[in-house]
Amino acid sequence: MTHKILVLPGDGIGPEIIAEAVKVIDVLKSRHGLDVELDEAAIGGAGYDAAGHPLPEETLAKARQVDAVLLGAVGGPQYDALERALRPERGLLGIRKELGLFANLRPALLYPELADASTLKREVVEGLDIMIVRELTGGIYFGEPRGICTLENGEREGFNTLVYSEHEIERIARVAYETAMKRGKRLCSVDKANVLEVSELWREVLIRVGREYPEVELDHMYVDNAAMQLVRAPKQFDVIVTTNMFGDILSDAAAMLTGSIGMLPSASLNEKGQGMYEPIHGSAPDIAGQGMANPLATILSVAMLLRHSLGNAELAERVEKAVGAVLRQGLRTADLAKPGESAVGTAAMGDAVVAALG
Ligand code: NAD
């Protein structure tokens, strides 16, 4: 069966890094029997320029029809003055919501060759391999009621609602347990059950779903402790599962343990197994158009796409190994190079990965 992938280059360095990921896909098609069809559409600022909206109807219609979406990045200073609803980032939130992408998988994997790029000591991070499973479409970012009101005494009050229903917790728990089963079979659920009722329910559901996965060792940790443990002894973690806001914060901290924003991919999945795959970094307007962006996070997003939406772990590993190989060869884009070390450009890095694919 031919799988369909929609490519959304977006803004800034988006088109440059996506071009390298597409090179990789083309080689997997021509040399390794990957059966996929690619289509392309506009999102973010590019969507606004093309169709007057950051998530054009045509883009969304195409996204609904495919097995997976591969996104570059969105955003740029030229769009900052637009009204909020038309800003590029709205395109991203919109597509996540419309496709029901409730499970965000963010690995924090340290390549041994890059151990010195981390701000933490080598011995603390060497061998780091964490997967954070973050709930993406619920919790306090979406809960109602929300707003800012004026009280009787004239003072203004801002409020949001942290709400999770059992089914929302259950489905993210399942993704987390399934992920743990494919890895080290250890799951740490992060909550604030000592203070929040919603966390009590979260814990209860995690334990209940866990009965279906007796091989997975479940642990609970309060979010404040988890933040501390992530920088104290991050290697204790295998899979972490948590709510939208806690995951937002912890996954950025975990990403920085690896010291390289240009290296980290992500996946966002819905209940049908459809997914959107993207690097965790933004559109890097400061280096856009200069051919110096690191394409590896986007190429590693292709590996996640192969594994999670196309069920092709073999080719996913091939891509991941090719990335490891180019790092071992000493190739570094500017963001990874140490002072005095020479750097390669975006296209040269992509070409090296293609060559290493075999
Ligand atoms: P950013 O991630 O774009 O850039 C932060 C820093 O990291 C910059 O110095 C940039 O040059 C560098 N960087 C990022 N990716 C890189 C790569 N692949 N190779 C080399 N260096 C890289 O974050 P920002 O500067 O805060 O935001 C810029 C724009 O991106 C904003 O409009 C923001 O809203 C948007 N943004 C988009 C996404 C997304 O599309 N998922 C995520 C975050 C930010």
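First listed ligand is number 1; within each ligand, the first listed atom is number 1. In this chain, numbering begins with 1 at the start of the sequence shown. Bear in mind that the values here come from a model prediction, so they are computed numbers and not experimental data.
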Heavy-atom contact check, 4.0 Å cutoff: does Ser283 meet ligand 1?
yes
**OP:** Consider ligand 1: state whether an atom of it lies below 4.0 angstrom from any non-hydrogen atom of Ile17.
**Re:** no
Tell me: protein heavy atom nearest [atom], and distance?
atom                    : result
atom 3 (O) of ligand 1  : Ala284 N, 2.8 Å
atom 39 (C) of ligand 1 : Leu92 CD2, 3.7 Å
atom 38 (C) of ligand 1 : Gly282 CA, 3.5 Å
atom 27 (O) of ligand 1 : Pro285 CD, 4.7 Å
atom 35 (C) of ligand 1 : Val74 O, 3.1 Å
atom 6 (C) of ligand 1  : Asp286 OD2, 4.9 Å
atom 17 (C) of ligand 1 : Asn294 N, 3.7 Å

Could you go through residues 144-154 and list every donor-acceptor pair under 3.5 Å that involves a side-chain atom there, pairing it with any protein atom two or more places apart or in another chain?
unit_1, atom_1, unit_2, atom_2, d
Arg146, NH1, Tyr141, O, 2.8
Asn153, OD1, Glu155, N, 2.9

> For atom 41 (N) of ligand 1, is the nearest protein heavy atom under 4.0 Å away?
Replying inline: yes
Within 4.0 Å of some non-hydrogen atom of Gly76, the atoms of ligand 1 are 32 (O)
Review point. With no hydrogens and no angle check, is any side-chain donor or acceptor of His32 less than 3.5 Å from a backbone partner on Gly358?
Key: yes
**Message:** Given 3.5 Å as the limit, does a donor-acceptor pair link the side chain of Ser118 with the main chain of Leu120, or not?
**Reply:** yes
Those residues at least two apart in sequence (or on a different chain) that pass side-chain contact (heavy atoms from CB on, under 4.5 Å) with Ala193 are Asp191, Ser199, Arg203, Tyr222
Check your understanding: Just checking, is any N or O donor in the side chain of Tyr79 or Asp49 under 3.5 Å from an acceptor N or O on the other one?
Key -> yes
